[in-house]
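Shown next, in structure tokens, is the structure this report addresses.
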Amino acid sequence: MALMAGLTIVMNLWCYPLMVVWTCIGIVLFPVAYVVGCFGLQMPADRTMRWIIWLYGRGWLLLMSPFVRFRRENMTHLSRGKPCLFVVNHLSFFDTYCMALLPVYDITFAVRSWPFRMFWYRQFMLLARYLDVESNSWDQVSCDSQKAFKQGGAVLFFPEGHRSRDGRLQRFYSGGFKVAIDAGVPVIPLCIQGTDQLLPPGRKGLRPCRVTLRALDAVDSRSFSGDSGHVQLRKLVKQRMAEALEEMRADDGTIKG
């Protein structure tokens, strides 16, 4: 216990200052990376921004790695240029950073309004054309999602809409599933485990842990139609995610309940 307590203190003294330093470095280097992406790699401005955010997340994973064992599973079927809709369970503020574990970077996040109110993130999120699912109309969210798919990108939803307080899946909202059906793109469920140990809601101190991100097999949204198609798709995806998460918790020895 004493060793773990000491390691936790060292982790917080290491990680929080370095996160500030890494963010400042990112802001300073942003114009260079933006020019490289737009003109050197010939990418559209919004895709360049999403690439930069992915690189920022990769740097965050690196600086956390002395204290957090990151593992990704079943990622071989994920590849750039294949439009899809990701859905992922939500345990911690740091879940979004952990999406840098994915091998693809062109992902448009659909999130609630509060991150857009953080001045150090807002402009970058707007440049990346992230979707504000609270402030924007549903028609706007749907239209912007379709644009992302047509450009070969992915859209990511947190179907619970908020962080789970007990680690279990909460109620799923239908928005993302309607988007997938309307666009005819596959839904790829992502299961994240461990970030509720790293930094759960209501706590400020980080703790050493293992974080695993597993991509489940894609679900063909074209198999679901009619007025209740999105409900059936939502239930199927939630069931598969719940089963996978129970398996992952058993592997970690953290079964809840």
Could you check whether any side-chain heavy atom of [X] comes within less than 4.5 Å of a side-chain heavy atom of [Y], counting everything from C-beta outward?
{"X": "C15", "Y": "M64", "result": "yes"}
{"X": "I192", "Y": "H90", "result": "no"}
{"X": "M248", "Y": "R214", "result": "yes"}
{"X": "V87", "Y": "F172", "result": "no"}

Backbone N or O of [Y] within a donor-acceptor pair of the [X] side chain at under 3.5 Å?
{"X": "N136", "Y": "V133", "answer": "no"}
{"X": "R47", "Y": "Q151", "answer": "yes"}
{"X": "R222", "Y": "A183", "answer": "no"}
{"X": "R112", "Y": "G161", "answer": "yes"}
{"X": "W22", "Y": "Y56", "answer": "yes"}
{"X": "H77", "Y": "L216", "answer": "yes"}
{"X": "R249", "Y": "G167", "answer": "yes"}
{"X": "R163", "Y": "L91", "answer": "no"}
{"X": "Q170", "Y": "E160", "answer": "no"}
{"X": "S142", "Y": "D139", "answer": "no"}

Any chance [atom1] of [X] has more than 12 other-residue heavy atoms, nucleotides or ligands included, within less than 6.0 Å?
{"X": "R69", "atom1": "CZ", "answer": "no"}
{"X": "W14", "atom1": "CH2", "answer": "no"}
{"X": "R72", "atom1": "CZ", "answer": "yes"}

**Prompt:** Is it true that H230 and F177 have ring centroids separated by less than 6.0 Å?
**Reply:** no

Should [X] and [Y] be regarded as members of a common hydrophobic cluster, given that ILVMFWY residues are connected when their side-chain heavy atoms come within less than 4.5 Å of each other, either directly or indirectly?
{"X": "V36", "Y": "Y34", "result": "yes"}
{"X": "V21", "Y": "V68", "result": "yes"}
{"X": "L62", "Y": "L102", "result": "no"}
{"X": "V231", "Y": "L236", "result": "no"}
{"X": "L7", "Y": "L206", "result": "yes"}

**Item:** Flag for T8-R207: side-chain donor and acceptor within less than 3.5 Å
**Value:** no

**Request:** Report yes or no: do D166 and S164 form a side-chain donor-acceptor pair below 3.5 Å?
**Result:** yes

**Message:** List the residues meeting ring pair (Phe, Tyr, Trp, His ring centres under 6.0 Å) with Y97, not counting sequence neighbours, and say none if there are none.
**Reply:** W60, F93, F94

**Prompt:** side chain to side chain contact (heavy atoms under 4.5 Å, CB included) between I53 and Y130: does it pass, once the steps are laid out?
**Reply:** CA-CA 11 Å; I53 291 172; Y130 282 3; 3.5 Å; yes

**Step-by-step side chain to side chain contact (heavy atoms under 4.5 Å, CB included) determination, V10 to F67** = CA-CA 9 Å; V10 172; F67 307 95; 4.0 Å; yes

**Asked** Do E73 and R71 sit within salt-bridge range, that is, some charged N less than 4.0 Å from a carboxylate O?
**Response** yes

**Message:** Checking R50 against D46 for the salt bridge (Lys or Arg N to Asp or Glu O under 4.0 Å) test, could you report, in this order, the C-alpha distance in whole Å, the side-chain angles of both residues, the deciding distance, and whether it holds?
**Reply:** CA-CA 6 Å; R50 293 191 287 272; D46 55 339; 3.6 Å; yes

**Complete:** What one should report as the nearest heavy-atom pair of C191 and L245 is CB-CD2, 3.8 Å

**Request:** Evaluate the side chain to side chain contact (heavy atoms under 4.5 Å, CB included) criterion for residues V219 and L233: first the C-alpha distance (whole Å), next the side-chain angles of each, then the deciding distance (0.1 Å), finally the verdict.
**Result:** CA-CA 8 Å; V219 179; L233 177 58; 3.6 Å; yes

**Message:** Let's go through V155 and F86 carefully: what are the C-alpha distance in whole Å and the side-chain angles of both, what is the deciding distance for side chain to side chain contact (heavy atoms under 4.5 Å, CB included) to 0.1 Å, and is it a yes or a no?
**Reply:** CA-CA 6 Å; V155 177; F86 290 115; over 6 Å; no

**Message:** Can you see whether F124 has R122 sitting over its ring - NZ or CZ less than 6.0 Å from the centre and within 45° of the normal?
**Reply:** no

**Asked** Which one of D196, T195, L190, L169 satisfies the side-chain contact (heavy atoms from CB on, under 4.5 Å) criterion with N89?
**Response** L169

